[in-house]
Participant: 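Structure incoming, see below.
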Amino acid sequence: MSTRSRAIVSGLLLMLLALATLRMTRRQPLLSPLPPPVEYTWPVMGTFATVTIRGDHADPATFIHQQTLRILDDINSRMSVYRPDSEISRLNRTGGPVPISTPTRTLLHLAREYTQRTDGAFDPTLMPLIHLWGFSGAQPPATIPTDAMISVARQLTGIDKLQVDAATARFLAPGMTIDLGGIAKGFALDQCFDTIIPEYPVDMIFNIGGGIRCHGMAAKNRPWRIGVRHPFIHDRILGVLDIESGMAVATSGNYERFVNIKGQRFAHIISPLTGRPVEGMAGTTVLSPTGAESDTLSTALFVLGIENAGAVLERFPESHALLVPDRQPLEIYVSPGFRRGFSPEPEYAERIRPLP
Ligand code: AMP
Ligand code: MG
């Protein structure tokens with residue numbers, strides 16, 4: 001299966017999970033039954049977007065759907081690496097300087113900020129390594145890349161070699177490329193949220209490729225909830241997470257995208273320290289006040305692993321995380337803020353540990 005079809009399949013799985021979760025919330029007893037939520041789903045950014053609007057507040061649903069479509073299409077046309085004429089594709093192709101619009105500049109500045117605040121665990125300049133390991137849609141390499149190949153690719157990485165000024169962006173090393181796959185979906189969630197919610201403050205969830213941002217409540221006195229996927233068993237959840245209005249959740253998992261090289265399986269997140277796919281982590285889920293923060297932190301904490309994630313997470317006092325290492329038996333590490341809103345499935349309650 002191609003990387004893209006895999007992305008679509010995993011998008012579908014996430015959607016099914018989201019739907020299962022909504023069914024789950026609907027099964028709970030209600031004083032006065034709500035009409036079912038109104039939902040629109042469509043393909044975008046190599047995955048799927050869904051808007052879910054609470055049934056009793058669904059009057060502007062068509063409008064919200066159309067606005068979301070328009071916002072995502074606008075972001076895609078400026079920033080998608082799948083669109084050869086986007087600003088990011090032109091930057092990647094030519095090295096710049098290329099003219100960039102305000103939204104693209106905002107995204108590049110945000111990406112740099114999160115790179116700095118995660119000590120480089122999140123790094124959008126790793127594209128040459130992502131390409132080397134076969135994650136950019138190209139064929140996976142026939143053999144495992146050698147240290148020499150990794151070190152050549154690493155010379156083309158580094159956020160300090162991406163220069164962004166008021167109207168242009170350029171690379172300081174010829175041959176550099178960037179990949180916004182670890183932040184674009186979260187950024188897009190925030191653009192939708194910040195544009196639509198002030199005008200239509202209805203109870204709803206934006207979902208882009210499994211990353212979500214919620215507004216309001218699922219019902220009176222009942223927050224929106226999502227299932228946190230079990231990283232080892234694809235149709236199971238570890239538990240459900242209550243989400244306060246305005247918060248975002250993103251998940252990174254080693255099951256989402258991977259390549260096989262000589263029978264060895266490698267997951268799609270690259271460690272900037274080694275230039276190799278991260279080993280030892282199965283999944284991270286991050287609850288944050290913005291989509292961009294949850295998206296970048298889910299990737300960064302995946303890179304940092306159980307031992308180092310806590311120290312970086314402390315720099316983000318409003319973000320909370322769950323981490324599962326890739327080993328048996330199952331262990332679920334949670335920060336205190338995540339534990340508060342998390343109800344594990346009964347069989348996993350004893351598997352919960354505090355994040356060191
Ligand atoms: P996510 O699924 O949100 O964790 O994002 C993973 C995607 O981000 C990958 O598919 C790559 O496109 C890109 N990526 C991989 N490793 C990193 C990294 N260390 N920092 C930033 N982006 C990364
Ligand atoms: Mg992410």
Side-chain angles (χ1 to χ4, degrees), residues 2-4 6-8 10-11 13-14 45-47 79-82 88 92 107-108 110-138 140 150 153-154 157-159 162 177-190 207-213 229 231 248-259 266-279 281-288 290-305 308-309 312 316 319 321-324:
S2 73
T3 313
R4 192 180 157 85
R6 259 190 232 117
I8 290 173
S10 72
L13 284 172
L14 287 162
M45 297 177 163
T47 175
M79 304 170 208
S80 171
V81 289
Y82 298 112
I88 298 299
N92 279 345
L107 176 60
L108 291 176
L110 257 186
R112 180 195 304 281
E113 182 194 322
Y114 283 110
T115 304
Q116 288 161 346
R117 291 179 72 194
T118 60
D119 294 339
F122 170 83
D123 184 346
T125 70
L126 300 180
M127 187 65 160
L129 289 161
I130 289 169
H131 189 75
L132 179 68
W133 287 91
F135 291 112
S136 56
I150 291 172
R154 286 183 80 181
T157 68
I159 198 76
L162 165 67
T177 44
I178 47 170
D179 167 27
L180 298 164
I183 186 171
K185 289 178 294 216
F187 174 80
L189 282 173
D190 296 337
N207 179 334
I208 304 176
I212 62 152
R213 191 157 172 201
R229 196 189 133 158
V249 182
T251 292
S252 295
N254 66 355
Y255 48 82
E256 284 175 340
R257 284 168 79 186
F258 43 84
V259 292
F266 295 97
H268 68 140
I269 296 177
I270 302 277
S271 165
L273 290 179
T274 61
R276 297 168 183 279
V278 174
E279 288 177 72
M281 282 298 296
T284 54
T285 296
V286 178
L287 174 68
S288 299
T290 66
E293 187 157 312
S294 61
D295 199 2
T296 50
L297 282 185
S298 68
T299 311
L301 301 187
F302 194 97
V303 168
L304 291 162
N308 303 314
V312 168
F316 301 86
S319 282
L322 171 150
L323 283 80
V324 177

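This is a predicted model, so every value here is computed, not measured. First listed ligand is number 1; within each ligand, the first listed atom is number 1.
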Participant: What distance separates Phe266 CZ from Phe258 CZ, expressed to the nearest 0.5 Å?
Facilitator: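 Phe266 CZ to Phe258 CZ: 13.0 Å, rounded to 0.5 Å.
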Participant: Give the numbers and elements of all ligand 1 atoms closer than 4.0 Å to a heavy atom of Ile130.
Facilitator: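 Every atom of ligand 1 under 4.0 Å from some heavy atom of Ile130: 11 (C), 13 (C), 14 (N), 15 (C).
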Participant: Just need the protein heavy atom nearest to atom 20 (N) of ligand 1, so name the residue and atom and give the distance.
Facilitator: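 Nearest neighbour among protein heavy atoms for atom 20 (N) of ligand 1, to 0.1 Å: Asp123 N, 2.9 Å.
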Participant: What protein heavy atom lies closest to atom 23 (C) of ligand 1? Include the residue and the distance to one decimal.
Facilitator: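 Residue, atom and distance for the closest contact: Thr299 CG2, 4.0 Å.
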Participant: Need the ligand 1 atom indices (1-based, order shown) with element for anything under 4.0 Å from a heavy-atom of Ile269.
Facilitator: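 Ligand 1 atoms under the 4.0 Å threshold to Ile269: 4 (O), 15 (C), 16 (N).
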Participant: Would you check whether Phe122 reaches within less than 4.0 Å of ligand 1, judged by its heavy atoms?
Facilitator: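 Yes, Phe122 has heavy atoms under 4.0 Å from ligand 1.
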Participant: Say you draw a straight line from CZ of Arg112 to CZ of Arg117; how long is it, rounded to the nearest 0.5 Å?
Facilitator: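 CZ of Arg117 is found 15.0 Å from CZ of Arg112.
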Participant: Phe135 vs His268 aromatic rings, parallel, tilted or perpendicular, using cut-offs 30° and 60°?
Facilitator: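 Correct class here is perpendicular.
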Participant: Judged by modelled atom types alone, do Thr285 and Thr251 share a side-chain donor-acceptor pair under 3.5 Å?
Facilitator: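 Yes.
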Participant: Please list, in number order, the atoms of ligand 1 under 4.0 Å from a heavy atom of Leu126.
Facilitator: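 Near Leu126, meaning under 4.0 Å from one of its heavy atoms, ligand 1 has 18 (C), 19 (N).
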Participant: Out of the candidates Leu323, Val303, Thr299, Asp295, only one should pair with Ser252 under the side-chain contact (heavy atoms from CB on, under 4.5 Å) rule; please name it.
Facilitator: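 For Ser252, the side-chain contact (heavy atoms from CB on, under 4.5 Å) check succeeds only for Thr299.
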Participant: Which protein heavy atom lies closest to atom 8 (O) of ligand 1, and at what distance to 0.1 Å?
Facilitator: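 Looking at atom 8 (O) of ligand 1, the protein heavy atom closest to it is Gly182 N, 3.3 Å.
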Participant: Any atoms of ligand 1 less than 4.0 Å from a non-hydrogen atom of Asp295? List them with their elements.
Facilitator: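 With Asp295 as reference, the close atoms of ligand 1 come out as 3 (O).
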Participant: Which atoms of ligand 1 are found less than 4.0 Å from any heavy atom of Val303?
Facilitator: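 Near Val303, meaning under 4.0 Å from one of its heavy atoms, ligand 1 has 19 (N).
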Participant: With a cut-off of 4.0 Å, which atoms of ligand 1 are near a heavy atom of Ala121?
Facilitator: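 By the 4.0 Å cutoff, the relevant atoms are 18 (C), 19 (N), 20 (N).
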Participant: Could you check whether Ser294 and Ser288, counting side-chain N and O atoms only, form a donor-acceptor pair closer than 3.5 Å?
Facilitator: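 No - no donor-acceptor pair under 3.5 Å links their side chains.
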Participant: Should the pair Arg229 and Tyr255 be classed as cation-pi, given the thresholds of under 6.0 Å to the six-membered ring centre and 45° from the axis?
Facilitator: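 So Arg229 does make the cation-pi contact.
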Participant: Among Asn254, Leu126, Ile130, Val278, which one satisfies side-chain contact (heavy atoms from CB on, under 4.5 Å) with Ile269?
Facilitator: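 Only match with Ile269 under side-chain contact (heavy atoms from CB on, under 4.5 Å): Val278.
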Participant: So between Ala250, Pro124, Ser252, whose heavy atom ends up nearest atom 4 (O) of ligand 1?
Facilitator: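 When every heavy atom of Ala250, Pro124, Ser252 is considered, Ser252 comes closest to atom 4 (O) of ligand 1.
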Participant: Only to 10 degrees, please: what angle do the OD1 atom of Asp295 and the OG atom of Ser298 make about the Mg ion (ligand 2)?
Facilitator: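 For OG of Ser298 and OD1 of Asp295, the angle centred on the Mg ion (ligand 2) reads 120°.
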Participant: What distance do Ile183 atom CD1 and Thr296 atom OG1 have between them, rounded to the nearest 0.5 Å?
Facilitator: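 Taking CD1 in Ile183 and OG1 in Thr296, the distance rounds to 5.5 Å.
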Participant: Please determine if Ile270 has a nitrogen or oxygen closer than 3.5 Å to a nitrogen or oxygen of ligand 1.
Facilitator: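 In this structure, Ile270 places an N or O atom under 3.5 Å from an N or O of ligand 1.
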Participant: Any non-hydrogen side-chain atom of Ile88 less than 4.5 Å from a side-chain atom of Ile178?
Facilitator: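 In short, these two side chains touch, coming nearer than 4.5 Å.
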Participant: Taking distance alone, with no angle check, do His268 and ligand 1 share an N/O pair under 3.5 Å?
Facilitator: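 In this structure, His268 places an N or O atom under 3.5 Å from an N or O of ligand 1.
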Participant: May I ask you to list the atoms of ligand 1 that are less than 4.0 angstrom from any heavy atom of Asp179?
Facilitator: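 Answer, ordered by atom number: 11 (C), 12 (O), 13 (C).
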Participant: Assess Thr299: does it contribute an N, O or S atom lying under 2.8 Å from the Mg ion (ligand 2)?
Facilitator: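 Looking at Thr299, which is the residue asked about, there is an N, O or S atom under 2.8 Å from the Mg ion (ligand 2).
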